[in-house]
Amino acid sequence: MSRIDSLLSGVLPDLAAPEGASLPLAPRLEAPSRTSAAPANSVEVFRGTGALATTPSRAPQVAPRAREGNGFDFGVGGAFPPKPTGSIQEQLKQGARLLEQTQAAAFSVTLDKGASMDAYARKQLGHLDPSPPIAGAPTALTDYTSTIPGVSARDAFEAFVSNPELLFGAAGISLRPAASALTDGARLFLEEQGPPPVWAPIAVKLNETERVVHITTLDGHPLRGTNQFVFDDDGSGGTRIRQYSAFQGSSPATSVGMALMDPIERQHDIWRSVHGQLHEMLKPR
């Protein structure tokens with residue numbers, strides 16, 4: 001385990017924007033050199049093949065796949081573990097939404113996987129507001145990275161937005177409503193079987209010119225936060241993917257979840273699987 005200067009520091013200043021404002025595109029910087037001293041704004045790096053990157057103790061939802069060669073890595077920084085953030089009124093609102101969506105998720109995974117549940121999901125998503133990190137509050141940060149040798153950044157970006165069900169399915173997550181592709185402005189629930197079952201609502205923003213996918217959580221998500229995927233050419237005909245994640249707890253349920261399970265490790269496992277599946281799908285044969 002080592003420390004690197006965090007590229008997330010380029011995102012942090014904009015958390016001072018008014019609540020609900022989206023974060024700007026992350027700066028296009030080369031990966032900083034690693035040093036033994038820990039700078040003031042740093043993240044701890046965990047190798048994807050290291051002991052700390054093991055899968056959490058939960059029943060696998062998909063068959064394991066070989067994903068050697070994508071160099072998956074991640075670092076953490078900021079305020080860990082994430083604490084419930086916002087006024088009491090805001091936390092109560094988020095907790096009520098979370099309970100409502102957990103009930104819908106339980107119904108979805110046990111009784112109804114068809115078009116009627118998709119229609120209900122669309123209706124519910126239309127009532128939800130964005131819930132990005134609250135300005136000035138302690139924020140947990142994670143910087144994920146992986147590579148796809150021999151595949152252009154344009155092709156990798158297009159494959160990511162064109163295959164969301166395959167990519168998230170590798171982590172045992174379904175999309176509700178079903179989506180054959182990510183589109184600019186799309187709203188979706190990320191559905192986990194559990195236990196407990198979860199509907200985690202998100203909104204998607206695409207920048208095709210810059211090859212950026214920006215995801216913001218919506219009301220009732222267990223976490224308030226953003227994920228930004230940047231697809232860059234690596235200079236050798238391949239792609240470097242950087243994913244900038246910033247999040248806080250959304251309600252007291254966050255603290256309960258931390259006590260009963262390991263949602264942060266599950267989050268790492270989800271993104272490890274998504275990065276790995278994209279590499280497996282595109283890598284030269």
Side-chain angles (χ1 to χ4, degrees), residues 45-50 52-75 109 113 142-183 186 188-194 198-200 202 204-206 208 211-215 217 225-234 237-245 247 262-285:
V45 176
F46 297 84
R47 294 298 175 188
T49 56
L52 289 176
T54 55
T55 303
S57 56
R58 59 194 299 277
Q61 300 185 42
V62 293
R65 300 176 61 89
R67 298 189 179 99
E68 296 81 0
N70 76 332
F72 181 82
D73 202 0
F74 69 91
V109 302
K113 299 181 182 297
T142 310
D143 181 355
Y144 301 94
T145 183
S146 68
T147 60
I148 310 178
V151 177
S152 72
R154 171 57 56 188
D155 288 346
F157 169 82
E158 291 179 352
F160 186 93
V161 300
S162 298
N163 297 276
E165 292 184 336
L166 176 62
L167 297 177
F168 282 98
I173 291 176
S174 302
L175 302 184
R176 182 72 74 182
S180 59
L182 297 179
T183 57
L188 301 163
F189 284 112
L190 304 182
E191 179 181 285
E192 283 216 63
Q193 298 276 328
V198 174
W199 265 14
I202 62 169
V204 178
K205 184 174 179 57
L206 303 181
E208 297 185 7
R211 301 184 301 275
V212 172
V213 178
H214 188 87
I215 294 174
T217 61
T226 57
N227 275 282
Q228 183 166 274
F229 298 80
V230 182
F231 295 78
D232 277 326
D233 291 313
D234 67 2
T239 297
R240 182 180 68 169
I241 304 171
R242 301 299 297 265
Q243 178 188 350
Y244 306 96
S245 178
F247 54 95
D262 193 350
I264 301 305
E265 179 57 30
R266 173 55 180 154
Q267 181 171 265
H268 297 331
D269 181 54
I270 289 170
W271 298 125
R272 183 185 297 114
S273 297
V274 170
H275 282 246
Q277 182 64 48
L278 184 63
H279 172 266
E280 187 73 8
M281 183 171 63
L282 295 178
K283 71 178 183 181
R285 305 297 178 184

Can you find a pair of side-chain heavy atoms, one from [X] and one from [Y], that are under 4.5 Å apart?
| X | Y | value |
| --- | --- | --- |
| Phe168 | Gln277 | no |
| Trp271 | Asn227 | yes |
| Arg211 | Asp233 | yes |
| Gln243 | Val274 | no |
| His279 | Ile241 | no |
| Asp234 | Thr147 | no |

Quiz item: Of all residues at least two apart in sequence or in a different chain, which pass the ring-ring contact (aromatic ring centres under 6.0 Å, His included) check with Phe160?
Solution: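 For Phe160 the ring-ring contact (aromatic ring centres under 6.0 Å, His included) partners, ignoring immediate neighbours, are Phe229, Phe231.
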Exercise. Determine, step by step, whether Glu208 and Val161 satisfy the side-chain contact (heavy atoms from CB on, under 4.5 Å) criterion, reporting the C-alpha distance in whole Å, the side-chain angles of both residues, the deciding distance to 0.1 Å, and the verdict.
Key: CA-CA 10 Å; Glu208 297 185 7; Val161 300; over 6 Å; no
Can you name the nearest heavy-atom pair linking [X] to [Y], along with the distance?
| X | Y | value |
| --- | --- | --- |
| Pro149 | Gly69 | CD-O, 4.1 Å |
| Val204 | Ile215 | CG2-CG1, 4.5 Å |
| Met281 | Ala159 | CE-CB, 4.0 Å |
| Leu175 | Pro164 | CD1-CB, 3.6 Å |

[atom2] on [Y] to [atom1] on [X], rounded to 0.5 Å:
| X | Y | atom1 | atom2 | result |
| --- | --- | --- | --- | --- |
| Lys283 | Leu278 | NZ | CG | 12.5 Å |
| Asn70 | Leu282 | CG | CG | 11.5 Å |
| Thr239 | Phe157 | OG1 | CZ | 12.0 Å |
| Ile173 | Leu190 | CD1 | CG | 5.5 Å |
| Thr145 | Arg240 | OG1 | CZ | 6.0 Å |
| Leu167 | His275 | CG | NE2 | 10.0 Å |

Quiz item: According to the interplanar angle, ranging from 0 to 90°, do the rings of Phe74 and Tyr144 count as parallel (below 30°), tilted (30 to 60°) or perpendicular (above 60°)?
Solution: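 Tilted: the ring planes of Phe74 and Tyr144 meet at 30° to 60°.
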Quiz item: Taking only residues two or more places apart in sequence or in another chain, which ones pass side-chain contact (heavy atoms from CB on, under 4.5 Å) with Pro177?
Solution: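 Checked Pro177 against side-chain contact (heavy atoms from CB on, under 4.5 Å); matches are Asp118, Ala121, Arg122, Leu125, Leu188.
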Self-check item: Within residues 155-167 or reaching into it, pairs that qualify as side-chain hydrogen bond (donor to acceptor under 3.5 Å, both in side chains) - sequence neighbours excluded
Solution: Ser152-Asp155
